[in-house]
Amino acid sequence: MITVEFITALFYEVDEQLGAIPKHPEAHLWPSEVVTLGLLHALKGVGNRAFYRWLTRDYRALFPHLPERTRLFRLFRTHHDWTQVFLAAPTVLGVIARRPQPAADRPQRSLQPSVDCRGQIVSPAQSMGVDRGVGVCHRQCRR
C-alpha cells in the first residue's frame with residue numbers, strides 16, 4: 001500500500017468515528033483531519049519540524065488548508081484525547097520486543113572490585129563514598 005492510500009484509509013477510519021464532531025467556524029481543519037495528522041505524526045516517529053517538512057513537501061495536496069507548523073502542533077495538543085482513542089495500548093509482546101537483547105558475540109564482563117589509589121580493594125560502601133564523604137581516595141592521596 002502506498003502512502004497516499006494509507007493516509008486516505010486512515011482518514012476514512014478516523015472520519016467514520018469522529019464525523020459527528022462539528023468544525024469550529026474559524027477552524028481551517030476538521031477535527032478528523034487533525035486527528036489523522038496526529039496519528040501520522042505518531043506513526044512517522046520523527047521530530048516536529050521533520051514531520052511538517054515531510055507533510056508539506058509530499059502531501060500538501062491531501063491537506064490544502066494545513067496551518068503553519070506551530071499552529072498545527074498546538075492543534076495536536078488540543079485534540080490529543082481524540083487521537084489517543086485510536087492508538088493501541090502497549091502489549092506485553094510489544095514491550096518485550098523493544099527491550100535490547102544482549103549480543104551473543106559480545107563477551108560478558110565480570111565485575112571488578114573497586115580499587116583505591118594505593119591498590120587496595122575497597123568495599124562497595126566505601127567506593128560510593130558512604131564511609132567517608134565523597135570519592136574512593138584517601139586524604140593523603142588527593143592531588
Side-chain angles (χ1 to χ4, degrees), residues 1-117 119 121-139 141-143:
M1 177 183 284
I2 61 173
T3 308
V4 173
E5 293 173 354
F6 175 76
I7 293 172
T8 305
L10 181 64
F11 174 73
Y12 174 78
E13 293 298 324
V14 170
D15 195 49
E16 285 293 309
Q17 298 291 323
L18 300 178
I21 298 173
K23 182 176 106 168
H24 190 275
E26 296 178 12
H28 294 288
L29 295 175
W30 285 85
S32 55
E33 289 178 301
V34 176
V35 171
T36 300
L37 291 170
L39 291 171
L40 282 174
H41 183 253
L43 292 172
K44 186 79 171 152
V46 295
N48 295 351
R49 288 183 185 200
F51 173 76
Y52 191 78
R53 278 193 312 264
W54 170 78
L55 188 64
T56 55
R57 181 187 65 228
D58 298 338
Y59 303 104
R60 183 70 175 210
L62 296 176
F63 303 97
H65 301 291
L66 192 66
E68 163 239 320
R69 179 178 54 89
T70 56
R71 176 68 184 134
L72 178 65
F73 287 102
R74 281 195 306 269
L75 286 170
F76 286 172
R77 272 188 295 216
T78 59
H79 294 74
H80 182 264
D81 293 336
W82 292 338
T83 306
Q84 288 298 317
V85 171
F86 292 95
L87 293 176
T91 63
V92 174
L93 293 177
V95 172
I96 290 173
R98 289 190 191 117
R99 295 185 76 199
Q101 300 297 320
D105 59 347
R106 184 175 49 195
Q108 296 294 324
R109 289 188 340 193
S110 62
L111 293 176
Q112 300 294 326
S114 297
V115 179
D116 67 4
C117 62
I121 296 175
V122 295
S123 71
Q126 288 175 327
S127 67
M128 290 188 299
V130 174
D131 286 4
R132 58 183 184 294
V134 182
V136 178
C137 222
H138 293 84
R139 291 182 198 270
C141 298
R142 292 199 183 172
R143 298 167 208 221

*Asks:* Rounded at 0.5 Å granularity, tell me how far CG in Leu18 sits from OG1 in Thr36.
*Replies:* 8.0 Å

*Asks:* If you round to the nearest 0.5 Å, how far is CH2 of Trp54 from CG of Asp58?
*Replies:* 7.5 Å

*Asks:* Let me confirm one number: the CG-NZ distance from Leu39 to Lys44, rounded to the nearest 0.5 Å.
*Replies:* 15.0 Å

*Asks:* Any non-hydrogen side-chain atom of Leu29 less than 4.5 Å from a side-chain atom of Leu37?
*Replies:* yes

*Asks:* Specify the closest pair of heavy atoms between Pro64 and Ala61, including all atoms of both residues, with the distance to one decimal.
*Replies:* CD-O, 3.7 Å

*Asks:* Is the shortest heavy-atom distance from the side chain of Tyr59 to the side chain of Leu66 under 4.5 Å?
*Replies:* no

*Asks:* How far apart are the closest heavy atoms of Pro22 and Pro31, and which atoms are they?
*Replies:* O-CG, 3.8 Å

*Asks:* For the residue pair Ser32 and Val14, what are the closest heavy atoms and their distance?
*Replies:* O-CG1, 3.6 Å

*Asks:* May I ask you to decide if the ring planes of Phe51 and His41 are parallel, tilted or perpendicular, using 30° and 60° as cut-offs?
*Replies:* perpendicular

*Asks:* Checking side-chain contact (heavy atoms from CB on, under 4.5 Å) for the pair Ile21/Trp30: CA distance, chi angles, key distance, verdict?
*Replies:* CA-CA 9 Å; Ile21 298 173; Trp30 285 85; over 6 Å; no

*Asks:* Which residue pairs pass the side chain to side chain donor-acceptor pair (under 3.5 Å) test when at least one of the two sits in residues 76-88, sequence neighbours left out?
*Replies:* His80-Gln84

*Asks:* So Tyr52 and Leu72, do their side chains get closer than 4.5 Å, heavy atoms only?
*Replies:* yes

*Asks:* I'd like to check Ile7 versus Phe63 (side-chain heavy atoms, cut-off strictly below 4.5 Å). Are they in contact?
*Replies:* yes

*Asks:* Could you tell me the separation between the CG atom of Leu62 and the CG atom of Leu55, rounded to the nearest 0.5 Å?
*Replies:* 8.5 Å

*Asks:* What heavy-atom pair brings Glu33 and His28 nearest, and what distance separates the two atoms?
*Replies:* OE1-O, 4.4 Å

*Asks:* Which pair of heavy atoms, one from Gly38 and one from Phe76, lies closest together, and at what distance?
*Replies:* N-CE2, 3.5 Å

*Asks:* Counting neighbours of CZ on Arg60 that are heavy atoms of other residues, nucleotides or ligands and sit closer than 6.0 Å, is the number greater than 12?
*Replies:* yes

